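Below is one structure, written out as structure tokens, with a few remarks after it.
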Amino acid sequence: MRMKAAVLYEPRKPLVVEEVELDPPRAGEALVKMVATGVCHSDIHYYTGDQKRQLPVVLGHEGAGIVEKVGEGVTTVKPGDHVVLTFLPSCGKCHWCHTGQPNMCDLGAKLRAGFMIDGTTRMHRAKDGLDLHHFLFVSTYAQYSIVPEASMVVVPDWLPLERLCLFGCGFTTGFGAATNAAHIRPGETVTIVGCGGLGLAAVQGAKLSGAGKIIAVDVHEEKLTLARKFGATHTIVNRHNVDEVFKEIQEITWGVGTDYSMEFVGFDQSDETLDIAFRAIRKGGTMLMVGVGALSKKTLPISPADLTHWRKRIHGVLFGDAQFRTDIPRYVDMYHKGQINLDDMVTQEMRLEDINTAFENVLAGNKVARQVIRF
Ligand SMILES: [Zn+2]
Ligand SMILES: [Zn+2]
């Protein structure tokens with residue numbers, strides 16, 4: 001079938017929205033009509049070329065849509081189902097899926113190749129048949145996508161997919177970091193470094209967990225205003241002076257530091273933001289690394305002696321350490337009840353044709369929490 005998709009041919013060159021031929025779903029796959037997709041910062045790594053990816057590729061990994069057709073052997077979704085697409089698959093069969101770590105599923109090893117699970121593509125440029133690469137099995141910057149059954153979660157059909165799509169990556173990652181990985185208990189304190197879509201979701205998670213102090217740190221005042229709206233009790237503008245930020249955190253916590261810190265900076269992750277997150281925590285505190293920085297970075301600006309002397313812990317968190325097949329329906333329910341606020345997370349809605357503007361807005365840093373493309 002023919003559809004439109006946004007294709008990245010070269011880093012830093014505008015994406016081309018054009019006609020693409022899509023093959024029918026094969027065994028274990030479904031054809032999904034995309035309804036909405038968030039524009040997550042992780043795509044930008046490939047756009048800028050800071051992370052390499054097989055090109056040309058259809059990016060996008062925070063989508064939601066409606067199943068139109070299923071391939072052979074598909075049993076967990078059927079035509080008409082509303083689904084949130086997850087940027088990580090979960091096969092339900094491997095060691096990791098069976099030990100409650102679906103974010104570590106062995107299928108994840110196949111994501112990097114840029115194809116479907118069987119190592120082939122379903123997308124070809126319409127004008128000449130040129131093969132296009134998939135992105136994280138979901139390629140959501142397209143009107144339709146072929147997606148493995150392992151990468152989708154069925155959600156109720158009466159809630160807006162242009163909000164639920166955020167559960168496919170950013171919201172679940174941030175909210176899960178606070179509630180699954182940190183397990184924040186009532187009254188505990190947390191520093192959140194970086195208040196984009198993920199950081200703001202973490203603020204919501206910390207608030208719902210009953211955190212006593214939620215200290216939000218960002219370079220942009222606009223994002224701190226949003227953080228306060230979602231429940232941050234204190235905000236600190238990072239003027240690129242780590243000592244100054246550290247001093248403020250010490251004052252807010254009576255010289256103790258926070259129980260947890262979470263680093264969400266991702267694209268602009270630097271020694272500075274990591275240093276803030278490490279110094280923010282108290283003796284025996286836990287720093288969670290959630291944002292994905294440049295793959296080329298090999299060092300942490302952390303004194304091993306401080307790590308030992310202060311008995312600190314550093315913990316990597318992937319996709320909010322979520323049990324996403326059960327957590328996403330739970331979050332959907334919380335959104336329905338008004339406990340989770342997705343509506344204010346979406347600061348702008350756009351069309352697929354606006355994808356390049358959306359990317360520029362992300363790169364500008366201060367313009368948006370989350371942009372959502374509606375099809
Ligand atoms: Zn993402
Ligand atoms: Zn698995």
Side-chain angles (χ1 to χ4, degrees), residues 8 28 34 36-48 50-51 53 57-64 76 84-112 117 134-141 145 147-153 164-177 194-202 262-269 289-295 317-328 331 342 345-346 355 358-359 361-363 368-373:
L8 175 73
M34 211 65 69
T37 174
V39 179
C40 176
H41 292 210
S42 309
D43 289 326
I44 308 295
H45 289 291
Y46 305 99
Y47 173 63
T48 60
D50 141 57
Q51 285 187 19
R53 178 64 59 175
V57 61
V58 177
L59 295 172
H61 65 277
E62 199 178 72
T76 56
V84 166
L85 308 181
T86 56
F87 83 96
L88 291 176
S90 151
C91 72
K93 296 170 189 149
C94 71
H95 172 83
W96 311 102
C97 284
H98 274 297
T99 51
Q101 302 166 88
N103 54 346
M104 303 268 90
C105 175
D106 280 340
L107 282 182
K110 294 178 181 271
L111 291 171
R112 289 224 137 251
I117 294 170
H134 293 256
F135 185 59
L136 304 181
F137 296 158
V138 290
S139 291
T140 63
Y141 297 149
S145 188
V147 180
E149 179 179 25
S151 301
M152 53 182 91
V153 175
L164 302 191
C165 63
L166 302 194
F167 291 136
C169 176
F171 192 91
T172 302
T173 297
F175 192 83
C195 296
L198 277 64
L200 293 173
M262 300 181 200
E263 207 273 1
F264 288 105
V265 178
F267 183 67
D268 287 325
Q269 189 179 64
M289 293 194 53
V290 194
V292 178
L295 292 188
V317 183
L318 179 62
F319 202 5
D321 284 357
Q323 305 292 326
F324 37 94
R325 294 198 172 275
T326 49
D327 280 353
I328 290 177
Y331 299 160
L342 295 180
M345 301 274 293
V346 178
I355 185 72
F359 275 21
N361 288 343
V362 171
L363 283 169
V368 287
R370 209 34 140 223
Q371 304 171 97
V372 166
I373 289 171

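All residue numbers refer to positions in the sequence shown, counting from 1. The shown structure was predicted, so the numbers you read here are calculated from the model rather than taken from an experiment. Counting starts at 1 for both ligands and their atoms, in listed order.
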With Phe319 as reference, evaluate Phe171, Phe324, Phe175 under the ring-ring contact (aromatic ring centres under 6.0 Å, His included) test and give the passing residue.
Phe324
Metal site the Zn ion (ligand 2): N/O/S of His98 inside 2.8 Å:
no
N, O or S atom of His95 closer to the Zn ion (ligand 2) than 2.8 Å
no
Test item: Cys40 and His61 side chains (from C-beta on) under 4.5 Å apart, heavy atoms:
yes
Are side-chain N/O atoms of Asp106 and His95 paired as donor and acceptor at under 3.5 Å?
no
Can a donor-acceptor pair be found between the side chains of Thr37 and Glu62 at a distance below 3.5 Å?
no
Checking side-chain contact (heavy atoms from CB on, under 4.5 Å) against Leu318, which of Thr173, Val292, Asn103 comes through?
Asn103
Hey, what's the ring geometry for Phe167 with Tyr331, parallel, tilted or perpendicular (30° and 60° as the breaks)?
tilted
Go through the steps to decide whether Phe137 and Phe87 satisfy the test ring-ring contact (aromatic ring centres under 6.0 Å, His included), and finish with yes or no.
CA-CA 7 Å; Phe137 296 158; Phe87 83 96; over 10 Å; no
Considering the Zn ion (ligand 1), could you give the total of protein N/O/S atoms lying closer than 2.8 Å?
3
